[in-house]
Amino acid sequence: MSTPAEHPEVLPEEHPVAPYIRTDRMPHIWCPTCGIGTVVKCFATALAESGLDLNKVSVVSGIGCTGRVAGYMKLDGFHTTHGRAIPFATGLKLGRPELLVTVFSGDGDLVGIGGNHFIHAARRNMDLLVILVNNFIYGMTGGQNAATTPLTAKTSTMPYGNFERAFNLPQLAASCGATYVARWTCLHIRRLTKAFGEALKRRGFRFIEVITPCATLYARLNKLGSGLDLMRFYHDNAEIRHGADTREVGIAFQDRIVCGKFVDEEQPSFLEMMHEHYRKTLGSKYVPTPPEGGWLHE
Amino acid sequence: MKADPAGVLTGVHYLDGDFACGEGAMAAGCRFVAGYPITPSTEVVERISRRFPLMGGTFIQMEDELGSMAAVVGASWTGTKSMTVTSGPGFSLMMENIGLAAMMETPCVVVNVQRGGPSTGLPTMVGQADMMQARWGSHGDYEVIALSPQSPQETFDLMINAFNLAEVYRVPVLVMMDECVGHMTEKVVIPPAEEIEIVPRTLTGQPPESYLPYKVDGKPVPEFARAGDGYRFHTTGLTHDERGYPVMSKECQEKCVSRLLDKVRRNVDNIVRLEEREVDGADVVVVAYGITARVARIGVELAKLQGAKVGFIRLITVWPFPDRRIRAVAEKVRAFVVPEINYGQMVLEVERCAAKAGADAVLVPHPGGGVHDPKRICEAILGAAK
Amino acid sequence: MKYWRKPLDFGDVKVPHGEVRILVERCKGCGFCVEYCPKDVLVMSEEFNKKGYHPPKVVKAGECVNCNLCEMICPDFAIFSVAVSDGDAAGAAGSSPEAAGADPRPPERELRRA
């Protein structure tokens, strides 16, 4: 039967994801059984299926494990400072409104240190697609407690178990005004890909939370086995409830994970509201920033 | 090239320094501003937010200064000239992403209308105690350019200068105003657009296949590609190679960081602007900047009336510091007198440059909340001349 | 394939066939593909790659239905499948360098990559 040695002819360029990732940077830094790569694959597939001009798609990341996504995707990619992916992306979008700007970062980055930016971008309905990879822990720094760590879960800074309450992210996003809110695990590859595809076509603040396994820290510190064991856990405990009341989708330690599309509504985005308001108040005197960017020279 | 007429309010105006700052930015081609309200800088963005919708610019009031600075860096990567405006407490929060701008080599302008500190300090009153923060405020080794205007007119002029320097050297340029200059109303002449020389954002002409975002080919700065033009480049705050990819090695660190420093250090003479008066033959030279330069001029005149031979150097560019010129002057004078509205910041630089020649550097401190009494500066000059 | 009853359209439906390709050196041995392959085409190999991980190996070459689930779930972009025409399926899957040279992907596959 076939063994690895029989496949030396398979080239990285043949992999269907090759046009969307920086193959010269593979293998990536993520641990064995980490799920971030799967989320990237799903996003790349959604991009491929979207028919979008990828030259106009930017991906912005903050710091942390998921923060590396911006450097692995073959798009205009910005690996910024810790927690500032959303404001950086805001500048990018407003500087060149024709861009489709995606924020791809982790829970610690986007709702820990970057929480203030998160709620305000949602409030403004800023035209950003925010993909938050939630592994319940600070991975890159060694397993410290996160704003998403479920009660009683052990982390390296809560060695006796976490006693802080965790964010319920879909509720947070929805209550701040996000117009598309969904949650999937990285086991839900088809549904996640579909959600990415849907969100890519919407405007305004779109938020997709993806639960992923962190084997090296979250699973190890909590004696949950490998990332594969966590994937099995998702299989058995994920519950799909589209349109669920986001107040009821909080995640308790090793408890059910409610997945689905919770919010999907058309609301004018920041840019639409700004244009409409200025047109109304300033009339023909209003000069919007051109789609290709602020005043360029020559 | 010449300025875009849409942003140039040509004419003779009676403006305060903050408004002149806003007008200077718009004349320089700034079309993205993110800011957070803070006294005494807020009038700058009030001016801009009123005028931007009429000229294709976007202003956004962010949730804090961390976000403001991050948004400025982001917007600059679209090729849009970008800036933010703040004062001390906000300046502290911006340091994180000023470092990012330095590392990513992002042209941008940050205005700090200085007030008294530390911490919340004196929100409505003058200070000049952020000068070292401007140079060293973000962690790690990097270089910035900082300018210090002494009047609303000069604020307008230096804003154009600041945006041009940001483009040439791909660095954050800090305009270190102070509350007095910001809130002082004077005549400001805004020339016609065709008389304002602008350095455009030069986009790379290379094809995407061969473009490397941090390849310099012997030039001081790499060629710029903006987001959305098909270059699909990567940039990061991590130590990076020519491809913009993170490389964690001391070799790459040396290459990456030394170039960030060299592009400014090797061009100090091209960047630095000073105003000098009667330095030749002087026993004592007063070195001052910002509002203090105007006060110090009176001190100099008072000292001259008493027979002192006093020269005067006004730092228009404060960073990089004009080492070479101060060292040369130090050879010929007995002492420098440095009045500033802090307890000794730029005087340390003067002292460093004067030490070899054996010249003294005498600080005339001021705690903030007001400007010096010129008589104190005069006394310091007379004391140093003995 | 076993059915509890014979589907009515049994004769009309064509089951696609695929061939699994593995980028051995990218693999980190997570086992996701082995766990979730609906046709149990893969098992973990006993061999090591250069980084010391056990990559998967194909044990039921003819069974692959080119569902690309392994490709989607692999966090390391290390595995994918390509369609093969029925005639080639049994012999070619998983082993033939010649098959890799020819591009047997159907048009929809191309669309997905574009």
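What's counted below: heavy atoms across the whole structure, side chains too, no hydrogens, waters or symmetry copies. Throughout, a chain's letter reflects where its sequence line sits, starting with A, and its residues are numbered from 1.
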A side-chain contact here means heavy atoms from C-beta on lying under 4.5 Å apart; do B/M69 and A/T81 qualify? no

Minimal heavy-atom distance between B/R232 and A/P19, with the atoms involved, is NH1-O, 4.0 Å

From the list B/P208, B/G99, B/A71, B/S76, the residue making the most non-hydrogen contacts under 4.5 Å with chain A is B/A71

B/P246 and A/R68 have their tightest heavy-atom pair at CG-NH1, 4.3 Å

Correct closest heavy-atom pair for B/P53 and A/L282 would be CB-CD1, 3.5 Å

Max heavy-atom pairs within cutoff under 4.5 Å with chain B, candidates A/G67, A/G71, A/G83, goes to A/G71

Q) Has A/R22 got its NZ or CZ under 6.0 Å from the middle of the six-membered ring of B/Y245, at an angle within 45 degrees of the ring axis? A) no

Does atom NZ (A/K285) have a neighbourhood of more than 12 heavy atoms from anything else shown, all under 6.0 Å? no

Rounded to the nearest 0.5 angstrom, the NE2-NE2 distance for A/H79 and B/H240 is 12.5 Å

Here the pair of heavy atoms bringing A/R96 nearest to B/A227 is NH1-O, 2.6 Å

Of A/R123, A/H120, A/R124, the one forming a side chain to side chain donor-acceptor pair (under 3.5 Å) with B/E63 is A/R124

Taken to the nearest 0.5 Å, the spacing of A/Y278 OH from B/L54 CG works out to 9.0 Å

Can you check whether A/F78 reaches B/V73 side chain to side chain, under 4.5 Å on heavy atoms? no

As a quick check of understanding, evaluate side chain to side chain contact (heavy atoms under 4.5 Å, CB included) for B/T78 and A/L92, giving each step before the final call. CA-CA 6 Å; B/T78 68; A/L92 211 55; 3.8 Å; yes

Between A/R84 and B/A70, the two heavy atoms sitting closest are CB-CB, 3.8 Å

Partner of A/F88 under side chain to side chain contact (heavy atoms under 4.5 Å, CB included), picked from B/V72, B/N97, B/L100, is B/L100

Turns out that what part of A/M73 lies under 4.5 Å from chain B's heavy atoms comes down to neither

Atom NZ of A/K56 with >12 non-hydrogen neighbours under 6.0 angstrom: yes

Honestly, the part of B/A34 sitting under 4.5 Å from a heavy atom of chain A is neither

* Asked: Are A/H117 and B/D64 close enough that some pair of their side-chain heavy atoms sits under 4.5 Å apart?
  -> yes

In short, B/F233 meets A/D76 closest at the heavy-atom pair N-OD1, 3.2 Å

- Under the side chain to side chain contact (heavy atoms under 4.5 Å, CB included) criterion, do B/I60 and A/F270 qualify, and how do the steps go? CA-CA 10 Å; B/I60 180 168; A/F270 176 89; 3.9 Å; yes

Ranked by heavy-atom pairs below 4.5 Å to chain B, first place among A/T90, A/L99, A/I86, A/V59 goes to A/L99

Is any side-chain heavy atom of B/T58 closer than 4.5 Å to one of A/K93? no

field: Close side-chain approach of A/P290 to B/R31, heavy-atom, < 4.5 Å
entry: no

The interface call for B/M104 against chain A, heavy-atom contacts under 4.5 Å, is side chain

Are A/Y286 and B/F52 close enough that their ring centres sit under 6.0 Å apart? no

Turns out that what part of B/F32 lies under 4.5 Å from chain A's heavy atoms comes down to side chain

